[in-house]
Amino acid sequence: METITKQSPQGCNNICPTPPPLPGPAMNCRRKGSATKGNSCASTATRDLWDNLFDRGYRADVTIRTNDGGIIYAHAAVLGMASPVLRGMLKQAKGVGHKRLISIHGVQHDAVRVFIRFLYSSCYEQEEMKELVLPLLVLSHAFVVPQLKRICEQQLENSLITLDNVVDVLQLSLLCDAPRLVLLTHRMILRNIKAVSATEGWIAMKRSHPALEKEILESRIYEEQMEKERIRKLNERKIYLQLYEAMEALVHICRDGCRTIGPCDKDLKDDQKPCTYEACKGIELLVRHFAGCKLRVPGGCIHCKRMWQLLELHSRLCADSGSCRVPLCR
């Protein structure tokens with residue numbers, strides 16, 4: 001006050017007040033003495049002002065009744081601006097004098113209190129969010145408060161979904177039009193179906209929503225079938241790769257020679273460089289066995305049978321059998 005009194009009127013006209021900061025996103029505000037990190041004092045003071053307005057109920061003109069006879073005092077202007085659903089309820093509300101009365105039932109009193117407080121300052125306590133995230137998700141969807149709904153979805157996605165509540169979160173996500181949560185919870189149930197099926201949430205869902213249980217179990221069967229199909233294709237690919245490498249090694253041995261085995265017109269040296277074909281060693285042993293085996297009849301020797309199969313497969317795949325060096329290719 002002393003500073004303002006000493007200034008002249010002309011001096012006051014030359015001083016431009018600092019504009020208030022733009023409103024930021026909703027955040028977890030800690031009210032117990034510590035300022036929220038990363039926000040200016042003006043922003044913190046503004047949020048504290050709105051919190052005090054809600055806590056003290058100064059000139060409140062709305063009475064909200066909750067479960068177990070709980071009562072919360074609020075202001076119609078704030079509720080109407082924050083939620084179109086509450087605005088419609090206030091238009092139809094009846095009351096005594098200037099106060100209007102509305103009711104919010106179906107969730108506990110503390111959840112309604114945290115919800116209404118968020119409409120004032122866009123703040124919440126982390127412990128309260130952890131405990132009341134599911135009813136807050138329902139309230140934010142029912143009263144069309146998308147900012148709080150996004151926060152509830154993020155909190156659940158980051159750390160609040162457990163095996164005990166995953167079934168409840170799935171059902172509420174379906175009711176509250178939260179497709180990302182539906183996908184996350186559905187995947188989590190399928191990955192932990194044995195543990196989840198023993199929880200109270202699953203048992204309750206089985207009684208109240210048998211169609212949802214059937215859909216989850218059918219999804220589980222489909223996932224198992226897809227996993228088996230994936231493994232089968234991987235095994236087939238592995239076999240095809242092994243056959244391809246065997247064909248390459250066979251052509252390499254018969255055309256260029258490798259280590260101590262090769263065509264008759266090639267002089268092989270003992271100090272040759274290491275072969276780059278991984279299947280060469282196995283094919284070399286198989287060729288040597290095939291050359292000296294006395295049971296080379298169909299079904300007589302399993303190793304010779306494999307060699308016959310390789311030769312036959314090569315002959316079917318070879319594009320130039322006229323100049324091919326592999327025996328019996330033509």
Side-chain angles (χ1 to χ4, degrees), residues 25-31 64 66-68 70 72 82-83 85-86 103-119 121-224 226-227:
M27 56 193 5
N28 173 11
C29 299
R30 300 190 177 277
R31 302 169 59 193
I64 303 174
T66 63
N67 284 0
D68 303 325
I72 299 173
S83 168
V85 178
L86 288 173
S103 298
I104 300 178
H105 296 296
V107 297
Q108 56 264 53
H109 173 82
D110 290 341
V112 180
R113 179 185 58 79
V114 174
F115 171 70
I116 298 298
R117 179 200 169 195
F118 184 88
L119 300 184
S121 61
S122 297
C123 292
Y124 61 91
E125 297 289 344
Q126 184 61 40
E127 291 300 323
E128 292 176 336
M129 174 62 68
K130 185 176 180 180
E131 180 182 356
L132 304 171
V133 62
L134 293 183
L136 287 176
L137 176 64
V138 174
L139 289 171
S140 62
H141 175 74
F143 292 98
V144 193
V145 185
Q147 189 179 18
L148 178 58
K149 185 177 179 181
R150 285 195 299 269
I151 293 174
C152 293
E153 292 176 355
Q154 292 172 357
Q155 291 287 330
L156 284 167
E157 179 180 344
N158 291 337
S159 60
L160 298 183
I161 300 180
T162 64
L163 293 180
D164 293 328
N165 69 3
V166 63
V167 177
D168 297 330
V169 177
L170 172 62
Q171 295 181 87
L172 289 179
S173 302
L174 291 170
L175 293 174
C176 296
D177 190 22
R180 181 173 175 83
L181 277 181
V182 172
L183 180 61
L184 292 174
T185 52
H186 191 266
R187 287 179 176 176
M188 185 174 180
I189 291 174
L190 293 182
R191 288 195 303 266
N192 306 275
I193 187 67
K194 186 175 181 179
V196 172
S197 59
T199 61
E200 295 181 0
W202 181 277
I203 297 173
M205 179 194 67
K206 188 175 181 179
R207 291 195 300 263
S208 59
H209 298 91
L212 181 57
E213 183 205 16
K214 181 181 178 182
E215 182 179 347
I216 293 175
L217 294 177
E218 289 177 350
S219 299
R220 175 63 179 175
I221 295 173
Y222 176 76
E223 288 286 336
E224 291 178 349
M226 292 297 294
E227 181 66 16

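Applying the salt bridge (charged side-chain N to carboxylate O under 4.0 Å, His left out) test to E223 and every residue at least two apart in sequence or in another chain returns nothing. Not counting sequence neighbours, N192 has no partner by the side chain to side chain donor-acceptor pair (under 3.5 Å) test.
The two residues K149 and C176 have their closest heavy-atom pair at NZ-O, 2.5 Å. Contact record, L137 with C152: N-SG, 3.8 Å, taken as the closest heavy-atom pair.
Summarising the local packing, CG of N158 is surrounded by more than 12 heavy atoms from other residues, nucleotides or ligands at distances under 6.0 Å.
Counting only residues at least two apart or in different chains, side chain to side chain donor-acceptor pair (under 3.5 Å) contacts with residues 162-171 comprise T162-N165, Q171-H209. Note on residues 139-163: pairs passing ring pair (Phe, Tyr, Trp, His ring centres under 6.0 Å), not counting sequence neighbours, are F115-F143. Contacts classified as salt bridge (charged side-chain N to carboxylate O under 4.0 Å, His left out) and involving residues 180-195 (residues at least two apart or in different chains) are given here: E157-R180. Residue pairs meeting the salt bridge (charged side-chain N to carboxylate O under 4.0 Å, His left out) criterion with at least one partner in residues 196-214, sequence neighbours excluded, are absent.
Between E128 and R113 there is a salt bridge, since a side-chain N of the basic residue sits under 4.0 Å from a carboxylate O of the acidic one.
Put simply, the side chain of I216 reaches to within 4.5 Å of the side chain of M205, judged on heavy atoms. Side chains of E125 and K130 form no contact here, defined as non-hydrogen atoms less than 4.5 Å apart. Between Q147 and S140, the closest side-chain pair of non-hydrogen atoms is not below 4.5 Å. Between I151 and F118, some side-chain heavy-atom pair lies under the 4.5 Å cut-off. The shortest distance between side-chain heavy atoms of I64 and S103 does not fall below 4.5 Å. Side-chain contact between H186 and E215 is absent, with no heavy atoms from C-beta onward closer than 4.5 Å. Inter-residue side-chain proximity for L174 and L212 is flagged as met; some heavy-atom pair is nearer than 4.5 Å. Using a 4.5 Å cut-off on side-chain heavy atoms (C-beta onward), V169 and L160 make no contact.
One finds the CG atom of L181 at 10.0 Å from the CG atom of L172 (value rounded to the nearest 0.5 Å). I72 CD1 to I104 CD1: the interatomic distance, rounded to the nearest 0.5 Å, is 7.0 Å. The distance from atom CG of L148 to atom CD of E153, rounded to the nearest 0.5 Å, is 10.0 Å. Taking CG of L156 as the reference point, atom OG of S173 lies at 7.0 Å (rounded to 0.5 Å). Of the inter-residue distances, the one linking M226 atom CE with S219 atom OG reads 12.5 Å to the nearest 0.5 angstrom. In this structure, CD1 in I189 is found 4.5 Å from CG in L170, a value given to the nearest 0.5 Å.
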Run the numbers on W202 and I193 for side-chain contact (heavy atoms from CB on, under 4.5 Å), then give the verdict. CA-CA 10 Å; W202 181 277; I193 187 67; 3.8 Å; yes
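For the residue pair N67 / H109, no side-chain donor-acceptor distance below 3.5 Å is found, with atom types taken as modelled.
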